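This report concerns only the one structure given below.
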Amino acid sequence: MPLVRKKLFVNRPVVQDFLKKVGGEAAVGVTTLCEKKGRCVTDEELAKKMKLKVTEIRTVLNRLHYRGIACYKKTKNKKSGWYNYTWEIKKKRVLELILEQQQEMIEKLEVKKSFGEQYSFFNCKNDCEITPFEIAAEYQFRCPTCGETMTSFDYRKRLEDINRRIGELKEEVGALRKLA
Ligand SMILES: [Zn+2]
């Protein structure tokens, strides 16, 4: 019978990008291992599996802990008297944070979009900066950066890009909501 591979949420590019940003390169590996195990894992176990130093794993876990993504349980080893730390990754928290971030990005793009729909813009041939009409007029349509003449800038292409990006983000948000 063929093995049915469960689709790991950590395989989604948006999740990987987010984890790397928050916890560094090794954060994806740490999360993957925790998700595959489906239980709490010790930092030593993670270090062994990932062939990294325990201190490196702890740095990643501490970063993730700071954002509420990783949490630990402390238990005393009766034999050695040392403490063991077992870690767990809160998938729900990861999704929550990504959704927050995506929502913020959508809002920023919506602002850009309405800005682009309301104003007319100018730019120079060197493409220094897209400038609203009033500001370009103040500079007498001379680019403040390079001194070239600024001419009317067609914002439609830019709006198309913005709309497409908003669409992509909304789709991603929808897909992530289903996982949460
Ligand atoms: Zn210029």
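This one's a predicted model, so the numbers in the text were calculated from it and none came from an experiment.
Across every non-hydrogen atom of K76 and G81, the tightest pair is CE-O, 3.5 Å. In terms of heavy atoms, V30 sits closest to V60 at CG2-CG1, 4.1 Å. Taking each heavy atom of R165 and E168 in turn, the nearest pair found is NH1-OE1, 3.1 Å. Here the shortest heavy-atom pairing between K90 and C71 reads CE-SG, 3.3 Å. Considering every non-hydrogen atom in both L19 and A27, the closest pair reads O-CB, 3.4 Å. Smallest separation of non-hydrogen atoms from W87 and A70: CE3-CB, 3.7 Å.
Heavy atoms from other residues, nucleotides or ligands lying under 6.0 Å from OH of Y72 number 12 at most.
We find the CD1-CD distance between I106 and Q101 to be 11.0 Å, quoted to the nearest 0.5 Å. Note that NZ of K49 and NZ of K37 are 3.0 Å apart. Values are rounded to the nearest 0.5 Å. Residue E148 holds its CD atom at 7.5 Å from CZ of R142, rounded to the nearest 0.5 Å. Rounding to the nearest 0.5 Å gives a distance of 12.5 Å between CD of E56 and CG of L46. For the atom pair CZ (F9) and CD (Q16), the distance works out to 10.0 Å, reported to the nearest 0.5 Å. Rounded to the nearest 0.5 Å, atoms CE (M150) and SG (C143) are 6.0 Å apart.
A side-chain hydrogen bond (donor to acceptor under 3.5 Å, both in side chains) check over residues 107-117, counting only residues at least two apart or in different chains, returns the pairs K113-N163.
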Just do the side chain to side chain contact (heavy atoms under 4.5 Å, CB included) check on L99 and Q103 with the steps written out, would you?
CA-CA 6 Å; L99 284 170; Q103 205 52 50; over 6 Å; no

Could you please spell out the steps behind the side chain to side chain contact (heavy atoms under 4.5 Å, CB included) verdict for V41 and L33?
CA-CA 9 Å; V41 190; L33 278 174; 6.0 Å; no

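F121 and F141 fall into different hydrophobic clusters, where Ile, Leu, Val, Met, Phe, Trp and Tyr residues are linked whenever their side-chain heavy atoms come under 4.5 Å apart, directly or through other members.
Applying the side chain to side chain contact (heavy atoms under 4.5 Å, CB included) test to K74 and every residue at least two apart in sequence or in another chain returns Y83, Y85. Applying the side chain to side chain donor-acceptor pair (under 3.5 Å) test to K157 and every residue at least two apart in sequence or in another chain returns D161. Residues passing the side chain to side chain contact (heavy atoms under 4.5 Å, CB included) test with S80, sequence neighbours excluded: N77, W82. Not counting sequence neighbours, F18 has no partner by the ring pair (Phe, Tyr, Trp, His ring centres under 6.0 Å) test. Every residue two or more places apart in sequence or in another chain that forms a ring pair (Phe, Tyr, Trp, His ring centres under 6.0 Å) with Y119 is listed here: F115. Applying the side chain to side chain contact (heavy atoms under 4.5 Å, CB included) rule to R67 yields the partners V22, I69, L97; only residues at least two apart in sequence or on another chain are considered. Taking the side chain to side chain donor-acceptor pair (under 3.5 Å) definition, one finds that E138 meets it with nothing, sequence neighbours left out. The side chain to side chain contact (heavy atoms under 4.5 Å, CB included) check on T42 picks up E44, E45, T86, with sequence neighbours excluded.
Taking Ile, Leu, Val, Met, Phe, Trp and Tyr as hydrophobic and joining them when side-chain heavy atoms fall under 4.5 Å apart, one finds Y66 isolated, its cluster having no other members.
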Side-chain donor-acceptor distances from residues 122-135 under 3.5 Å, at least two apart:
| unit_1 | atom_1 | unit_2 | atom_2 | d |
| --- | --- | --- | --- | --- |
| N123 | OD1 | E129 | N | 3.4 |
| N123 | ND2 | D127 | OD1 | 2.7 |
| T131 | OG1 | E129 | O | 2.9 |

Using atom types as modelled, flag every donor-acceptor pair under 3.5 Å from a side chain in residues 170-180 to any protein atom, sequence neighbours excluded.
| unit_1 | atom_1 | unit_2 | atom_2 | d |
| --- | --- | --- | --- | --- |
| E172 | OE2 | R12 | NE | 3.4 |

